[in-house]
Every structure is written in structure tokens, then in C-alpha cells.
Amino acid sequence: MKRIEIFSPAKINVGLFVVAKRADGFHDIETVFYPIGLRDKMSFDPADEFSFACDDPTIPTGADNLVVKAKDALERETGKRCDVAVRLEKRIPTGGGLGGGSSNAATTLVSLNELCGLGASRETVARLALELGSDVPFFLRPVPSFATGRGEKLDPLDFRIPFPILVVNPKIHVSTAEAYGACVPKKAS
């Protein structure tokens, strides 16, 4: 096994329409996911047992973290262990709708599958990504995309924003579940 060091990108939503509440508790949306240059750095090193650490002490590193959930899902799916030390250098603000946790989960799925030789197919990785979160599939291939359904139905777009994007972090954490719960769904006009 060799060390993997990779950047985990953020995204913005260019327009976001919550169009319907689904029977499964999720919402159908219409949006454009657009990757931006803000990114976390993740390193994956061979180890005697799995560990996960983050330089941001506010990020939980236990079983509820999407990085750990991604590792667990891969191990369950493949029946193989992946003993790796994962280190996350957090730069994407949490609770701002930028997809940092989802991006970290997607990066973990792809990196551990390769590093540990787990042999999960693209389809399996995509299924696991969606099980982890609605926008995790976008980060498997983060290119500008029109997203529908829960955000997992992705149509790549030939779309580039030709000017700098300013991301302002007011240091306000917004729960995704609470934000969607407060929405009144309506079709985009």
C-alpha cells in the first residue's frame, strides 16, 4: 500500500429549488452543483488499524462522521478490512451548504477502494455514496452538473463561471435537515 494525499473540493448551488417533499422524508430538488476551489486536504496512510483524525477540534471523529461511515460501508460491502490512518485538514466551513462532509465521504470511498484494493465497482461506490448522503454522488465526479431527485441525478453541464467566486463565512451553522424542513416546496418558474 502507498500513501494517498488528495484534495476534497467544496461546491456551491447555483440556484436551489426545493420542488417536492418525498414519501421517504427527503426532498426533490433542482439545482446546479458547481465545484469551487475551496477544499479540504485528506491523507490516507497504511496503518495497523483504522484511525481518523482532523485538525478541527469541532469535527467529530467517531462513528457518526461521514469519513468513518464511508469506510464502514466499504468494509461491509466488500467483506475486507481497510486499516488506514486518515487525516483531514479542514478548510471547508461546516454547516454552510458547501458539501464538505459529503466531499470527504466521496474522497474516502474512492481513496480507500484504491488504497486497500477493495475491488468495489463504480456502481457499488455510487450506490454507497447515495446511501451516505444526497450530494455525496456529485463529489465522485465533481464537475458542474444539473442535479435533480435528491441531488443524485446528475447531468454534467458545459458551464463555467468566468469570474472569481467570493465565499463569505458568517460562522453560522445551518443544519441541512432543519433548512429543508423549513422549506415550502414549489416548482421552479
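Positions are given from 1 along the sequence. Both backbone and side-chain heavy atoms feed into the values below; hydrogens, waters and symmetry mates do not. On a predicted model such as this, the values are computed, not experimentally measured, just so you know.
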Engineer: In Å and rounded to the nearest 0.5 Å, what is the CG to CD1 distance from L16 to I12?
Structural biologist: 12.0 Å
Engineer: Any chance you could measure L38, atom CG, to F7, atom CZ, to the nearest 0.5 Å?
Structural biologist: 11.5 Å
Engineer: Report the residues that fulfil ring pair (Phe, Tyr, Trp, His ring centres under 6.0 Å) with F44, sequence neighbours left out, ordered by chain and then residue number.
Structural biologist: none
Engineer: Atom CD of E5 and atom OG of S111: how far apart are they, to the nearest 0.5 Å?
Structural biologist: 11.0 Å
Engineer: Test R3 against S43 for side chain to side chain contact (heavy atoms under 4.5 Å, CB included), laying out the working first.
Structural biologist: CA-CA 7 Å; R3 176 177 223 247; S43 59; 3.4 Å; yes
Engineer: Please determine whether side chain to side chain contact (heavy atoms under 4.5 Å, CB included) holds for the pair E77 and R127, giving the CA-CA distance in whole Å, both sets of side-chain angles, and the decisive distance to 0.1 Å.
Structural biologist: CA-CA 11 Å; E77 185 68 31; R127 179 176 49 77; 2.8 Å; yes
Engineer: Are F138 and L98 grouped together when hydrophobic residues (ILVMFWY) are joined by side-chain heavy atoms under 4.5 angstrom apart?
Structural biologist: no
Engineer: What pair of heavy atoms forms the shortest contact from K90 to D55, and how long is it?
Structural biologist: N-OD1, 2.9 Å
Engineer: I'd like to know if F17 and V32 are part of one continuous hydrophobic network [Ile/Leu/Val/Met/Phe/Trp/Tyr, side-chain heavy atoms within less than 4.5 Å].
Structural biologist: no
Engineer: Can you name the closest pair of heavy atoms from V143 and P35 and give their distance?
Structural biologist: C-CD, 3.9 Å
Engineer: Taking all heavy atoms of P9 and all of S103, pick out the closest pair and write down the distance.
Structural biologist: O-OG, 2.7 Å
Engineer: Can you tell me if D24 has over 12 outside heavy atoms packed within less than 6.0 Å of its CG?
Structural biologist: yes
Engineer: Looking at every non-hydrogen atom in both residues, tell me the closest pair between D56 and T58 and how far apart they are.
Structural biologist: OD1-OG1, 2.6 Å
Engineer: Could you walk me through whether D28 and R22 pass the salt bridge (Lys or Arg N to Asp or Glu O under 4.0 Å) test, one step at a time?
Structural biologist: CA-CA 7 Å; D28 283 325; R22 300 161 48 121; 3.0 Å; yes
Engineer: Which donor-acceptor pairs under 3.5 Å do side chains of residues 61-73 form with protein atoms, sequence neighbours excluded?
Structural biologist:
residue : atom : partner : partner atom : Å
N65     : OD1  : V67     : N            : 2.7
N65     : ND2  : P60     : O            : 2.8
K71     : NZ   : E75     : OE1          : 3.2

Engineer: Closest heavy-atom contact between N113 and G119?
Structural biologist: OD1-N, 3.3 Å
Engineer: Is T31 reaching over with its side chain to a backbone N or O of F33, donor-acceptor style, under 3.5 angstrom?
Structural biologist: no
Engineer: Looking only at heavy atoms, which two atoms of A129 and V136 are closest? And how far apart?
Structural biologist: O-CB, 3.3 Å
Engineer: Looking just at side-chain N and O atoms, do T124 and S121 make a donor-acceptor pair shorter than 3.5 Å?
Structural biologist: yes
Engineer: What's the spacing between L112 CG and I4 CD1 if we round to 0.5 Å?
Structural biologist: 7.5 Å
Engineer: Donor-acceptor pairs under 3.5 angstrom involving side-chain atoms of residues 154-165: please list them, not counting sequence neighbours.
Structural biologist:
none

Engineer: Taking C-beta and beyond as the side chain, do R39 and S8 meet within less than 4.5 Å on heavy atoms?
Structural biologist: no
Engineer: Taking C-beta and beyond as the side chain, do L115 and V84 meet within less than 4.5 Å on heavy atoms?
Structural biologist: yes
Engineer: Examine distances only and state if a side-chain atom of S102 and a backbone atom of G100 form a donor-acceptor pair shorter than 3.5 Å.
Structural biologist: no
Engineer: Return the set of residues passing ring pair (Phe, Tyr, Trp, His ring centres under 6.0 Å) with F26 (not counting sequence neighbours), or none when no residue passes.
Structural biologist: none
Engineer: Just so I know, are the side chains of Y34 and N13 near enough to count as touching, which here means a heavy-atom distance under 4.5 Å?
Structural biologist: no
Engineer: Measuring from atom NZ of K153 to atom CG of L130, what distance do you get when rounded to the nearest 0.5 angstrom?
Structural biologist: 10.5 Å
Engineer: Sort and list the pairs that fulfil side chain to side chain donor-acceptor pair (under 3.5 Å) and have at least one residue in residues 166-185, not counting sequence neighbours.
Structural biologist: none
Engineer: Side chains of I29 and V19: does their closest heavy-atom pair fall under 4.5 Å?
Structural biologist: no
Engineer: After noting the C-alpha distance and the side-chain angles of D40 and R91, does the key distance pass the salt bridge (Lys or Arg N to Asp or Glu O under 4.0 Å) rule?
Structural biologist: CA-CA 5 Å; D40 293 337; R91 301 300 172 262; over 6 Å; no
Engineer: Please enumerate all residues that pass ring pair (Phe, Tyr, Trp, His ring centres under 6.0 Å) together with F139, with sequence neighbours excluded.
Structural biologist: none
Engineer: Evaluate the side-chain proximity of P185 to H27: yes if any heavy-atom separation is below 4.5 Å, no if none is.
Structural biologist: yes
Engineer: Please determine whether a side-chain nitrogen of the Lys or Arg among E49 and R81 lies less than 4.0 Å from a carboxylate oxygen of the Asp or Glu.
Structural biologist: no
Engineer: Where the side chain of D83 meets the backbone of P46, is there a donor-acceptor pair that is under 3.5 Å apart?
Structural biologist: no
Engineer: I92, I36: one ILVMFWY side-chain cluster at the under-4.5 Å cut-off?
Structural biologist: yes
Engineer: Atom CD in E89, atom SG in C54: separation rounded to 0.5 Å?
Structural biologist: 9.0 Å
